[in-house]
Amino acid sequence: MTLKFIARLRSSRVVVQDQLEVPDQAAVGGGGDGEDCCWAKLPPELLREVLLMIEDSETRWPQRKTVVACAGVCSSWRLIVKEIVKFPEISGKLTFPISVKQPGPKDGLLHCFIKRNRSTHTYCLYLSLTNALTDDGKFLLAARKHKRPTHNDYIISLRAEYMSRGSSSYVGKLRSNYLGNRYTILAGQSAHTGSKMAKNHSPRLPNLKHASSKVHLVNYSMAHISYELEVFGSRGPRRMQCIMGTIPTASTAPEEPARARSEFSGLNTDIFQSNPIAHSEPASMGNFLSGSLRGQKNGALVLINKAPRWNEQLHCWCLNFHGRVTVASVKNFQLVASPENRKIVLQFGKVGKDLFTMDYQYPISAFQAFAICLSSFDTKVACE
């Protein structure tokens with residue numbers, strides 16, 4: 001356990017936020033990669049065995065901070081941690097920032113919850129730490145609603161205190177049309193232009209270099225969400241469809257191999273690059289929001305909401321959330337790949353006035369699941 005303590009001590013010189021932390025490769029003391037310290041010269045075989053023990057023992061948050069701290073000691077430690085930390089779809093664990101944009105676990109739903117703040121129009125996503133419906137949780141993502149004359153934007157960020165498109169913690173956004181029945185999920189990607197290194201003059205972090213907070217970003221379309229319009233004043237459960245443009249239909253097959261990237265770095269948005277079928281052109285987003293669905297699928301996975309059943313005793317529409325939802329709401333839903341496929345990819349439901357559960361699994365990511373759930377919060381002028 002000595003190495004664990006050293007890793008914590010060494011990484012205390014690094015800017016490690018209370019999120020899915022991972023230190024910036026440039027944010028280590030000494031020569032920039034920490035290779036001047038004695039701990040970087042440990043025999044690789046011994047170091048690997050110790051780090052494997054730490055990875056196997058620290059399976060849940062907040063104990064998993066130790067794994068993150070080990071990745072911040074130096075580049076040699078980072079390379080080994082990068083190798084032994086498995087994808088969420090295999091391990092079922094969220095460790096580094098890239099985890100929120102990697103597919104969820106294949107062996108079951110990952111339990112999360114969303115807290116809504118009505119006064120600030122903000123939403124925070126947390127990873128559940130226990131089997132209870134409410135606990136302290138591990139912060140994952142935050143979003144803030146911005147009302148525009150013709151649409152609404154939900155800016156999604158890694159940090160609740162920095163939710164702007166120009167921030168290095170920017171992940172992406174959800175954009176609606178005027179009626180609130182069509183949405184596009186846009187992922188942010190760093191273009192790495194003009195990023196400058198600057199000295200940090202804080203006495204607590206000597207010799208620390210950090211990248212300029214101004215990051216040039218490019219958004220690309222990841223998914224489209226549509227809600228069916230209600231006609232002639234009819235009322236009932238919402239009917240929705242999600243076209244996951246970056247996920248092929250074959251991903252729901254059992255033999256589909258892992259497609260997620262393994263790279264991780266600091267809080268820069270380049271760690272969120274994905275491997276889409278094709279980046280959507282800007283015009284396609286406009287066409288979708290204005291009502292055109294032609295040519296949007298192109299072999300992409302399409303998720304639909306599971307149809308609820310009418311309960312004569314309760315006189316309401318019902319779905320089986322297996323105890324994860326306790327309050328009836330028009331916002332509650334479950335998404336499946338097809339009516340015949342009973343595997344729930346995402347479920348979302350109300351458990352309190354401003355508290356909602358969000359459970360997801362492969363092949364979608366936490367970021368995609370969060371964005372889809374945000375669309376359920378939005379006002380739907382012609383859908384209900």
Side-chain angles (χ1 to χ4, degrees), residues 60-62 92 94 100 104-105 107-143 145 154 156 160 174 180 183 225 227-228 230 235-240 242 303-337 339 341-362 364-380 383-384:
R60 302 179 67 88
W61 286 93
L94 301 180
V100 299
D107 58 354
L109 292 166
L110 194 61
H111 291 176
C112 305
F113 60 92
I114 298 173
K115 290 183 178 180
R116 175 177 60 183
N117 188 321
R118 295 172 184 262
S119 60
T120 60
H121 301 286
T122 56
Y123 307 82
C124 291
L125 174 66
Y126 297 84
L127 175 69
S128 297
L129 302 181
T130 66
N131 292 327
L133 290 178
T134 58
D135 55 40
D136 293 337
K138 174 69 184 76
F139 175 81
L140 299 179
L141 292 167
K145 181 179 180 179
Y154 289 82
I156 303 174
L174 175 74
Y183 297 80
I225 307 165
Y227 289 82
E228 185 174 325
E230 296 290 352
R235 297 182 61 87
R238 289 177 177 174
R239 291 182 288 275
M240 62 188 296
C242 303
L303 299 176
I304 59 174
N305 65 303
K306 188 175 181 181
R309 295 184 178 182
W310 178 258
N311 188 305
E312 288 291 348
Q313 294 180 341
L314 300 177
H315 295 284
C316 65
W317 296 96
C318 295
L319 283 170
N320 185 5
F321 288 92
H322 302 281
R324 291 287 294 165
V325 176
T326 59
V327 180
S329 173
V330 70
K331 297 178 177 65
N332 301 348
F333 67 81
Q334 292 176 327
L335 292 185
V336 294
N341 191 337
R342 296 185 179 181
K343 177 184 176 182
I344 297 172
V345 176
L346 169 64
Q347 67 177 19
F348 171 78
K350 193 172 184 178
V351 294
K353 181 179 179 181
D354 292 302
L355 188 63
F356 303 79
T357 56
M358 186 200 89
D359 306 333
Y360 77 99
Q361 65 177 315
Y362 184 90
I364 67 172
S365 65
F367 165 65
Q368 292 169 323
F370 186 41
I372 294 172
C373 293
L374 288 175
S375 73
S376 187
F377 284 110
D378 208 22
T379 302
K380 313 254 179 302
C383 297
E384 53 197 40

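Counting from 1, the numbers follow the sequence of the chain as shown.
- Closest non-hydrogen pair, Ile225 versus Met240, comes out as CG2-CE, 4.1 Å.
- Atoms CD and CG, on Gln347 and Leu109 in that order, are 5.5 Å from each other to the nearest 0.5 Å.
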Discussion item. With side-chain contact (heavy atoms from CB on, under 4.5 Å) as the criterion, how do Val100 and Phe370 come out once you've worked through the C-alpha distance, each side chain's angles and the decisive distance to 0.1 Å?
Written reply: CA-CA 10 Å; Val100 299; Phe370 186 41; over 6 Å; no

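- Partner Lys145 forms a side chain to side chain donor-acceptor pair (under 3.5 Å) with one of Thr120, Thr122, Asp378 and no other, that one being Asp378.
- For Ser376 against Arg238, the heavy-atom pair with the smallest separation is O-NH1, 2.9 Å.
- Between Leu174 and Ala371, the shortest heavy-atom distance links the atoms CD2-O, 3.4 Å.
- Using a 4.5 Å heavy-atom threshold, the side chains of Val325 and Thr357 count as touching.
- With contacts defined as side-chain heavy-atom distances shorter than 4.5 Å, the pair Lys343/Val336 does not qualify.
- You'll find the ring centres of Phe356 and Phe377 inside the 6.0 Å limit.
- Within the structure, salt bridge (Lys or Arg N to Asp or Glu O under 4.0 Å) contacts touching residues 313-322 (residues at least two apart or in different chains) do not occur.
- Tyr126 and Phe113 have parallel rings, their planes meeting at less than 30° on a 0 to 90° scale where 60° marks the start of perpendicular.
- Between Asn117 and Cys124 the shortest side-chain heavy-atom distance does not fall below 4.5 Å.
- Using a 4.5 Å cut-off on side-chain heavy atoms (C-beta onward), His111 and Arg324 make contact.
- By the 4.5 Å heavy-atom criterion applied to side chains, Asp354 and Lys115 are not counted as neighbours.
- Ile372 places a side-chain heavy atom less than 4.5 Å from the side chain of Phe333.
- Of the inter-residue distances, the one linking Lys138 atom NZ with Leu129 atom CG reads 9.0 Å to the nearest 0.5 angstrom.
- Put simply, the side chain of Asn332 does not reach to within 4.5 Å of the side chain of Val327, judged on heavy atoms.
- When every heavy atom of Gly104 is checked against every heavy atom of Tyr362, the shortest pair comes out as O-CB, 3.2 Å.
- The two residues Ser375 and Tyr227 make their nearest non-hydrogen contact at OG-OH, 2.8 Å.
- By the 4.5 Å heavy-atom criterion applied to side chains, Ile364 and Leu335 are not counted as neighbours.
- By the 30° and 60° cut-offs, the orientation of the rings of Trp310 relative to Trp317 is perpendicular.
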